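Because the structure is a prediction, the values reported are computed rather than measured. Each chain gets a letter, A, B and so on, in the order the sequences are listed, and its residues count up from 1.
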Amino acid sequence: MSKTIFALVDCNNFYASCEKLFRPDLTHTPVVVLSNNDGCVVARSKEAKKLGIKMGVPVFQVRELMRQQGVLAFSSNYALYADISQRVMSTLEMLAPRVEVYSIDEAFLDLSGLQQLQSLTEFGHGIRQRIQKWQGISVCVGIAPSKTLAKLANHAAKTWPQTAGVVDLTDKARQRKLLALLPVGEVWGIGGKLTKRLQQLGINTALQLADANPNYIRQHFSVVVERTVRELNGESCLALEEMAATKKQIISSRSFGERITNKPQMAEAISEYISRACTKLRQEQQQAKHLTVFLRTSPFSDKDTPYSASKSIELDMPGSDTRLFLSKAMQLLDALWVNGHRYAKAGVMLADFYDPGVYQPGLFDQPANFEQQQQQTAADQKLMQLMDKLNAKHSKTIWFASQGAKQEWGMKRELLSPAYTTNWQQLPVAK
DNA sequence: TCTGGGGTCCTAGGACCC
DNA sequence: TCTGGGGTCCTAGGACCC
């Protein structure tokens with residue numbers, strides 16, 4: 001049995017690259033992509049990075065710089081990114097036998113056994129060339145005996161141009177050389193808080209973390225960090241997961257384009273979120289028994305009195321019918337709503353999932369109700385299926401009146417690019 | 001004036017039981 | 001008056017990721 005080898009393939013500046021795909025005129029223009037409501041910078045082209053625009057900054061803080069430097073901004077266009085992502089992932093699936101789609105712009109590949117047949121570095125370059133040619137997206141490839149090391153190898157491939165976008169970190173000496181160069185905060189799973197605590201113990205580099213005693217780390221931190229230490233030493237603790245795990249919760253929430261101060265508008269927003277969450281729930285072919293609704297004012301404002309509240313409810317039986325969750329959510333909203341606040345955000349969460357038909361009623365539930373409920377459920381399911389089918393073609397073909405037609409509180413997306421690949425009306429035109 | 005959204009996993013501590 | 005200890009389950013909150 002040969003040793004496991006992972007590759008991490010990660011798209012470079014993914015959202016910004018997607019925006020440039022159909023705009024050859026922007027090849028050398030600095031481009032940023034904004035979060036919902038055009039609030040923060042969530043992606044930057046390499047030109048924008050060079051200008052010092054940081055990931056996650058609020059747009060208003062860099063607006064002047066962007067104007068001076070001619071940086072072009074786009075609202076996030078998830079329909080486009082998801083479509084390009086799918087194409088990249090299918091290409092990877094042709095090139096490697098086992099692929100784990102880790103996020104919209106990253107995938108882990110299992111390269112075990114490949115070493116006997118060809119050079120891993122060459123294989124990495126093959127991936128880069130193919131995706132560049134077929135999708136027009138540039139990727140970097142990191143190769144190593146554990147996922148955590150593959151992440152670092154990828155980081156190295158992105159950081160140092162002389163690697164030409166591929167780093168093979170299967171060699172132990174090479175691993176240690178790279179680890180010594182990297183601050184501990186660059187390690188996958190080590191965030192800001194852990195970095196601080198580790199530094200207090202004199203652990204500043206990735207190599208120092210790798211050389212720490214796993215038991216000591218477990219005592220002072222957790223099993224998670226202990227696993228990271230082992231992974232840094234080339235011991236694979238995190239397996240490749242090809243099958244997407246079934247979700248345990250579904251959240252739908254948004255910041256409002258404008259603050260909400262009246263309850264009917266809030267009811268519209270909550271209805272919209274319930275509708276999205278239930279659609280997702282049915283896509284997952286699951287039923288939920290738990291519902292949470294939450295509202296809050298802006299945590300950044302110092303003139304608004306802060307208010308943040310959530311309430312939950314357990315249904316008698318798990319379900320996926322939008323109407324059922326709508327009526328429960330409105331009850332929760334009645335209990336949560338307080339007049340006089342300027343609400344900035346709200347959302348709903350579904351949890352406690354069951355496969356349809358497997359829920360065991362409790363000892364004291366009324367069996368008589370179940371038969372009735374089940375008959376009703378069959379009809380309800382048909383209705384929901386029909387609705388999902390209609391909305392799958394063109395979202396918002398039909399919707400519940402409570403969601404509101406105008407949605408004045410809705411997201412700001414003033415800088416949206418066309419849906420080049422997912423809408424016939426907006427296909428790119430070759431001139 | 002303007003600050004994203006959607007997830008997962010782990011731990012600590014309380015409630016409860018025997 | 002004296003007032004154990006161990007186990008389980010659940011929840012809230014913290015930390016991380018992209």
Donor-acceptor pair between A:D83 and A:T421 side chains, under 3.5 angstrom: yes

Sugar-phosphate only, base, or nothing, as touched by A:V59 at under 4.0 Å among non-hydrogen atoms: nothing

Exercise: do A:N13 and A:S45 side chains pair donor with acceptor under 3.5 Å: no

Phosphate-side-chain proximity, A:R259 and B:dC2, N/O vs OP1/OP2 below 4.0 Å: yes

Sugar-phosphate only, base, or nothing, as touched by A:I104 at under 4.0 Å among non-hydrogen atoms: nothing

Under 4.0 angstrom between A:K345 side-chain N/O and B:dG5 OP1 or OP2: yes

Touch class at under 4.0 angstrom, heavy-atom based, for A:L194 against every strand present: sugar-phosphate

Comparing A:G39 and A:F221 on DNA chain B - which has the more 5′ nearest nucleotide: A:G39

Exercise: do A:Y102 and A:E241 side chains pair donor with acceptor under 3.5 Å: no

Sugar-phosphate only, base, or nothing, as touched by A:S76 at under 4.0 Å among non-hydrogen atoms: nothing

Short side-chain N/O contact from A:S255 to OP1 or OP2 of B:dG5, under 4.0 Å: yes

N or O in side chain of A:K151 less than 4.0 angstrom from C:dC18 OP1/OP2: yes

Touch class at under 4.0 angstrom, heavy-atom based, for A:R197 against every strand present: nothing

Helix axis bend for the helix from B:dG5-C:dC18 to B:dC18-C:dG5 - C1'-based end axes, five pairs, 10° rounding: 10°

Pairwise 5' ranking along DNA chain B for A:Q249 and A:F300, keeping only the more 5' one: A:F300

Test log, rule side chain to side chain donor-acceptor pair (under 3.5 Å), inputs A:D304 and A:T297: CA-CA 8 Å; A:D304 294 342; A:T297 56; 5.9 Å; no

A:Q265 CD to A:K406 NZ distance, which is reported to the nearest 0.5 Å: 9.5 Å

Phosphate contact (B:dC10 OP1 or OP2) by A:R218 side-chain N/O below 4.0 Å: no

A:R227 side chain near B:dC9 phosphate (N/O to OP1/OP2, under 4.0 Å): no

Sugar-phosphate, base or nothing in reach of A:K196, heavy atoms under 4.0 Å: nothing

Distance below 4.0 Å between A:K248 side-chain N/O and B:dC9 OP1 or OP2: yes

